[in-house]
Asks: 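Have a look at this one before I ask anything.
Residue numbers start from 1 in every chain, and the chains themselves are labelled A, B, ... in the order their sequence lines are given, proteins ahead of strands.
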Amino acid sequence: MPSITLPDGSQRDYKDAVSVYDVASDIGPGLAKAALGGFIDGELVDTSAVMENDAQLSIVTSRDEQGLHLIRHSTAHLMAQAVKQLYPEAQVTIGPVIEDGFFYDFAYEKSFTPDDLEAIEKRMAELAKNAIPIERSEISRNDAVAYFDSISEDYKAEIIRDIPAEEILSLYKQDDFTDLCRGPHVPHTGHLGHFKLMKLAGAYWRGDSDNAMLQRIYGTAWANKKDLKAHLHNLEEAEKRDHRKIGKQLDLFHLQDEAPGMVFWHPDGWTIYQAIEQYMRQRQHEQGYKEVRTPQVVDMSLWEKSGHADKFGDDMFTIDVDDKSFALKPMNCPCHVQLFNQGLRSYRELPLRLAEFGSCHRNELSGALHGIMRVRGFVQDDGHIFCTEDQIQQESAIFIDFLHSVYKDFGFTEVIYRLSTRPANRVGSDESWDKSEKALADALDAKNLDWKELPGEGAFYGPKIEFSLKDCIGRVWQCGTLQVDFSMPERLDASFVDSEGERRAPVMLHRAILGSFERFLGILIENYEGKMPLWLAPTQVRIINITDKQQDFCKNLEKTLADQGFRAHSDLRNEKIGLKIREATLGRVPYMIVIGDKEIESGKVSVRTRDAAELGPMDLDTLVSGLTLEITSRGRKPLED
RNA sequence: GCCCAUAUAGCUCAGGGGUAGAGCACUUCCUUGGUAAGGAAGAGGUCGUCGGUUCAAUUCCGACUAUGGGCUCCA
């Protein structure tokens, strides 16, 4: 006599065992039709799941997050069914749910083509239309191995062989297609239909580059047509923000074959870059950092000593000269230790904060390169804090505050925190790892920040906090980092004299806020869709004349503004005002000043923004103080207000 | 590095076994026009590189390079 309690607290009593579907039909036919699964005592199950005893039940429909999850998972199976029907020799492997959709990996001798994708999608639509029941059954592990061996699904059989022999597995059958799956799934394929196959990609079996390359098909799936459409629209919007596209449009930078992964900065791009660098320089100075500059080409022996050659030797650019081997520095820290090692250091000098806009090179895998976001030659806003163990938490706290204030100035307010702990491949004693992991965790906790741990993801020399920011369309970018390092100072013989007169190795904190300038600029471009805040815009003001008559006035105005530190440029071409406005707008110039006879006569300037707002005629002084306020407030107090 | 795709004018792209086309940009001329494209003419390309097949390759095939999407990696 099960008594079923629903989320609203109401109870329903049944004589015999009931399924989720039975309860849903009992509540109403609409719900029975919409039910995709259920939670029995908190566990997600199929609608066919049966309750023999008293239970808490909530029914899952496409309106629930879990319902959408079920839809995506079942759509992955639907795709596998379609693929097996169209290409019987293809073997199925795994097909999980991912953000916005799903993928399924297949082992198949021939390569799928975009045409195949279309055919698969078409078949999926047909199968969905037929509302094929999806039936769950159970099977012993040994029977499952035998079954999948018998139908030559080698990868499935391999997965099952790794499962303990006594376990009972579940199978899901829809027509001619049966897949091993933990489930649950929607009750029939009629619940699926709002999907689109997105792309084809290679993926290693079990994510290991030593294994076979499988073919992965990515798809997106949604509860209804509207959500699918909205998602596809969002993708188009994201594409419009692509920094490679905008970088070309705005003439900011380029890359070319002869220097893969190295950026050629054009004048306007470099202006933005310099604005960022000057800003960081000033902020770091305020924070007590001493800026330094260290060599880019350094003898291999230093990298051998630091451990980099051992761990990353293949990814370093090397130069052989006069029987000696040098490497382009892949990071700045060993050089900063050399700086620390000059002269005898006292504990009174700690914490010593060194900063460098260090130019680094890493020979990233060719397939990993991406625009200016992932490059081989880059500059970090790198810094190293040499301190004592007792100072770690304090220094971490100061750094986190600093990082927050920098992100805010760039317009980012949401930060995500991850603590990466010791990897299998590492240097240093377990004791020092214990200490450093705890110091970082304590620093985060002291600030009441919400953080997650990433076990095993730390650097080889120490644990790290990774700071990611969320852009205006919700994408997450990892930028900042704070790493504790008990190892490198010792390896590179750094020491200071403590208050007892004893020599001790300092602790080193590696830290960056922006990460690489190249990547951060790419993020800014995408976040702002090229519409840089005034303080970063390559041209802040464009002065536009109506006819040749106002040329001299415009030139004088340009000089007046430039003398006051504004990036003002005039467009005196013999073109119509409409064209010049259009080009300035497309060029994302924040402010346009139009000068005609009227303006010269009245002594007031007409100001228009790149968002087509007319700010009307205003005194030059008003404009200048407004621009100044917008710049010094980093856009928090725009001229328009 | 691995899988798939792509590479045609400065840019965005079309085309196709018989040595190339559009729009925009560019140059010149006309136009001096009040807030997102004024008009006309002109110039511009060994079709990524190197091989192969063919009477003939930019087109078909292969290799390489780069780019794009993934996988792996990210000190």
Asks: Is a donor on one side and an acceptor on the other found under 3.5 Å between the side chain of A:His254 and the backbone of A:Lys248?
Replies: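 No: the side chain of A:His254 does not pair with the backbone of A:Lys248.
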
Asks: B:U35, B:A36, B:C11: which one has an atom nearest the side-chain heavy atoms of A:Ile577?
Replies: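 For A:Ile577, the side-chain atoms sit closest to B:U35.
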
Asks: Between A:Asp116 and A:Lys110, is there a side-chain N and carboxylate O pair less than 4.0 Å apart?
Replies: no

Asks: Using a heavy-atom cut-off of 4.0 Å across all strands, would you classify A:Thr585 as base, sugar-phosphate, or nothing?
Replies: base

Asks: Should the side chain of A:Tyr204 and the base of B:G70 be counted as holding a donor-acceptor pair, with the cut-off at 3.5 Å?
Replies: no

Asks: Would you call the rings of A:Phe112 and A:Tyr87 parallel, tilted or perpendicular if under 30° counts as parallel and over 60° as perpendicular?
Replies: perpendicular

Asks: Which value, rounded to the nearest 0.5 Å, describes the distance between A:Glu89 atom CD and A:Lys84 atom NZ?
Replies: 8.5 Å

Asks: What integer distance in Å separates A:Ile581:CD1 from B:G34:C1'?
Replies: 9 Å

Asks: Have a look at A:Gln478 and say if it touches a base, only the backbone sugar-phosphate, or nothing, with a 4.0 Å heavy-atom cut-off.
Replies: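 The residue A:Gln478 makes no contact with any strand.
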
Asks: Does A:Asp242 or A:Lys580 map to a spot on RNA chain B nearer the 5' end, using the closest nucleotide for each?
Replies: A:Lys580

Asks: State the CD-CD distance between A:Gln478 and A:Glu466, to the nearest 0.5 angstrom.
Replies: 4.0 Å

Asks: A:Leu586 has a side chain; which of B:A36, B:U35, B:U72 sits nearest to it?
Replies: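 It is B:A36.
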
Asks: Under 4.0 Å between a side-chain N or O of A:Tyr218 and OP1 or OP2 of B:C4?
Replies: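 Indeed not, no polar side-chain atom of A:Tyr218 lies that close.
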
Asks: Between B:U12, B:U67, B:A75, which nucleotide gets closest to the side-chain atoms of A:Leu369?
Replies: B:U67

Asks: Is A:Lys576 near enough to B:U35 that one of its side-chain N or O atoms lies under 4.0 angstrom from OP1 or OP2?
Replies: no

Asks: Quickly work out the A:Arg573 CZ to B:U32 P distance and round it to whole Å.
Replies: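 One finds 18 Å between P of B:U32 and CZ of A:Arg573, rounded.
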
Asks: Quote, to the nearest angstrom, the C1' distance that separates B:G62 from B:U54.
Replies: 16 Å

Asks: Have a look at A:Gly578 and say if it touches a base, only the backbone sugar-phosphate, or nothing, with a 4.0 Å heavy-atom cut-off.
Replies: sugar-phosphate

Asks: Students often get this wrong, so: under 4.0 angstrom with heavy atoms, is A:Tyr461 touching a base, only sugar-phosphate, or nothing?
Replies: sugar-phosphate

Asks: Would you call the rings of A:Trp222 and A:His231 parallel, tilted or perpendicular, where under 30° means parallel and over 60° means perpendicular?
Replies: tilted

Asks: Kindly point out which of B:U72, B:C73, B:G33 is positioned nearest to the side chain of A:Ser209?
Replies: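 The nucleotide sitting nearest to the side chain is B:U72.
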
Asks: Has the side chain of A:Arg72 got a donor or acceptor atom that lies under 3.5 Å from a matching backbone atom of A:Ala221?
Replies: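 Present.
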
Asks: Does A:His370 put a side-chain nitrogen or oxygen below 4.0 Å from OP1 or OP2 of B:G69?
Replies: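 Checking A:His370 against B:G69: at least one side-chain N or O falls below 4.0 Å of OP1 or OP2.
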
Asks: Per the atom types in the model, does the base of B:C74 pair as donor or acceptor with the side chain of A:Arg374 at under 3.5 Å?
Replies: yes

Asks: Using 30° and 60° as the class limits, which term best fits the ring planes of A:Tyr104 and A:Phe106: parallel, tilted or perpendicular?
Replies: parallel

Asks: Using only side-chain N and O atoms of A:Lys199, determine if any of them is under 4.0 Å from OP1 or OP2 of B:G70.
Replies: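 Result: yes.
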
Asks: Identify the nucleotide, in any strand shown, that forms a Watson-Crick or G-U wobble pair with B:A37, with both distances under 3.5 Å; if there is none, say none.
Replies: none

Asks: For B:U32, what is the paired nucleotide under Watson-Crick or G-U wobble rules, both distances under 3.5 Å?
Replies: none

Asks: Should the pair A:Glu356-A:Lys329 be classified as a salt bridge under the 4.0 Å nitrogen-to-oxygen rule?
Replies: yes

Asks: What is the distance, to the nearest angstrom, from the CZ atom on A:Arg206 to the C1' atom on B:C3?
Replies: 20 Å

Asks: Does A:Glu614 reach a base, just sugar-phosphate, or nothing at all? Heavy atoms under 4.0 Å.
Replies: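 Answer is base: heavy atoms of A:Glu614 come under 4.0 Å of a base.
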
Asks: If you check the A:Ser606 side chain, which of B:C3, B:C74, B:U35 turns out closest?
Replies: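 Given the options B:C3, B:C74, B:U35, the side chain of A:Ser606 is closest to B:U35.
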
Asks: Is any side-chain N or O of A:Gln215 under 3.5 Å from a base N or O of B:G70, one able to act as donor and the other as acceptor?
Replies: no

Asks: Considering Watson-Crick and G-U wobble pairs with both distances under 3.5 Å, what does B:G68 pair with?
Replies: B:C4

Asks: Select one nucleotide: of B:G34, B:G33, B:U32, the one nearest the side-chain heavy atoms of A:Asp548.
Replies: B:U32

Asks: Is there a Watson-Crick or G-U wobble partner for B:C55 with both distances under 3.5 Å, and if so, which one is it?
Replies: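 B:C55 is paired, partner B:G18.
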
Asks: Hey, does the Lys NZ or Arg CZ of A:Arg426 hover above the aromatic six-ring of A:Phe460, less than 6.0 Å from the centre and inside 45° of the axis?
Replies: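 Relative to the ring axis of A:Phe460, which defines the angle, A:Arg426 lies outside at least one limit.
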
Asks: Enumerate the protein-to-nucleotides 39-48 of chain B contacts in which both atoms are nitrogen or oxygen and the separation is below 3.5 Å.
Replies:
none

Asks: Would you classify A:Asp597 as touching base, sugar-phosphate or nothing, given that sugar-phosphate means primed atoms plus P, OP1 and OP2, and contacts are heavy atoms under 4.0 Å?
Replies: base

Asks: Nearest-nucleotide wise, let me know which of A:Pro114 and A:Gly207 is further upstream toward the 5' end of RNA chain B.
Replies: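 It is A:Pro114, whose closest nucleotide lies nearer the 5' terminus.
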
Asks: Do A:Lys305 and A:Asp493 sit within salt-bridge range, that is, some charged N less than 4.0 Å from a carboxylate O?
Replies: yes

Asks: Could you give the CG-to-P distance, from A:Leu365 to B:G69, as a whole number of Å?
Replies: 16 Å

Asks: Compare the minimum distances between each of B:G34, B:A75, B:G38 and the side chain of A:Glu575, then state the nucleotide with the smallest one.
Replies: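 Of all the options, the side chain of A:Glu575 is nearest to B:G38.
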
Asks: Base, sugar-phosphate alone, or nothing: which one does A:Ala203 contact when heavy atoms must sit under 4.0 Å apart?
Replies: sugar-phosphate

Asks: Which of the following nucleotides, B:C73, B:A75, B:G34, is nearest to the side chain of A:Ala368?
Replies: B:C73

Asks: With a cut-off of less than 4.0 Å, is there a side-chain N or O of A:Arg362 near OP1 or OP2 of B:A75?
Replies: no

Asks: Write down the distance between CE (A:Met262) and C1' (B:U67), rounded to a whole number of angstrom.
Replies: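 Checked: the CE to C1' distance equals 16 Å.
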
Asks: When both hydrogen-bonding distances must be under 3.5 Å and the geometry is Watson-Crick or G-U wobble, what is B:A43 paired with, if anything?
Replies: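 Paired with B:A43, as far as the under-3.5 Å criterion goes, is no nucleotide at all.
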
Asks: What is the distance, to the nearest angstrom, from the CE atom on A:Met213 to the P atom on B:A5?
Replies: 13 Å

Asks: I want to check one thing: is the phosphate of B:A36, taken as OP1 and OP2, less than 4.0 Å away from some side-chain N or O of A:Arg608?
Replies: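 For B:A36, OP1/OP2 do have a side-chain N/O of A:Arg608 under 4.0 Å.
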
Asks: What's the verdict on salt bridge (charged side-chain N to carboxylate O under 4.0 Å, His left out) for A:Glu395 and A:Arg353, showing C-alpha distance, side-chain angles and the deciding distance?
Replies: CA-CA 10 Å; A:Glu395 283 302 307; A:Arg353 308 187 184 104; 2.9 Å; yes

Asks: Paired with B:A9 by Watson-Crick or G-U wobble geometry, both distances under 3.5 Å: which nucleotide is it?
Replies: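 Pairing partner, where one exists within any strand: none, as none qualifies.
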
Asks: Quick check on B:C24: is either OP1 or OP2 less than 4.0 Å from any side-chain nitrogen or oxygen of A:Arg582?
Replies: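 So the side-chain polar atoms of A:Arg582 never come under 4.0 Å of the phosphate oxygens OP1 or OP2 of B:C24.
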
Asks: How many Å lie between NZ on A:Lys464 and C1' on B:C74, as a whole number?
Replies: 8 Å

Asks: Expressed in angstrom and rounded to an integer, what is the separation of A:Glu601 atom CD from B:G34 atom P?
Replies: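 Computing the A:Glu601:CD to B:G34:P distance gives 15 Å.
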
Asks: Sort out the partner of B:G62 for me: Watson-Crick or G-U wobble, both distances under 3.5 Å, none otherwise.
Replies: B:C50

Asks: Report which part of the nucleic acid A:Lys248 touches: base, sugar-phosphate, or nothing (heavy-atom distance under 4.0 Å, all strands).
Replies: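 A:Lys248: backbone/sugar contact only, no base atoms under 4.0 Å.
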
Asks: How is A:Pro330 classified with respect to the nucleic acid when contacts are heavy atoms under 4.0 Å: base, sugar-phosphate, or nothing?
Replies: base

Asks: Of the options B:G33, B:G69, B:G38, whose atoms approach the side-chain atoms of A:Leu579 most closely?
Replies: B:G38

Asks: Across the strands shown, which category fits A:Gly313 at heavy-atom distances under 4.0 angstrom: base, sugar-phosphate, nothing?
Replies: nothing

Asks: I want to verify a distance call: between B:C71, B:G34, B:A75, whose nearest atom is closest to the A:Arg216 side chain?
Replies: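 Side chain of A:Arg216 sits closest to B:C71.
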
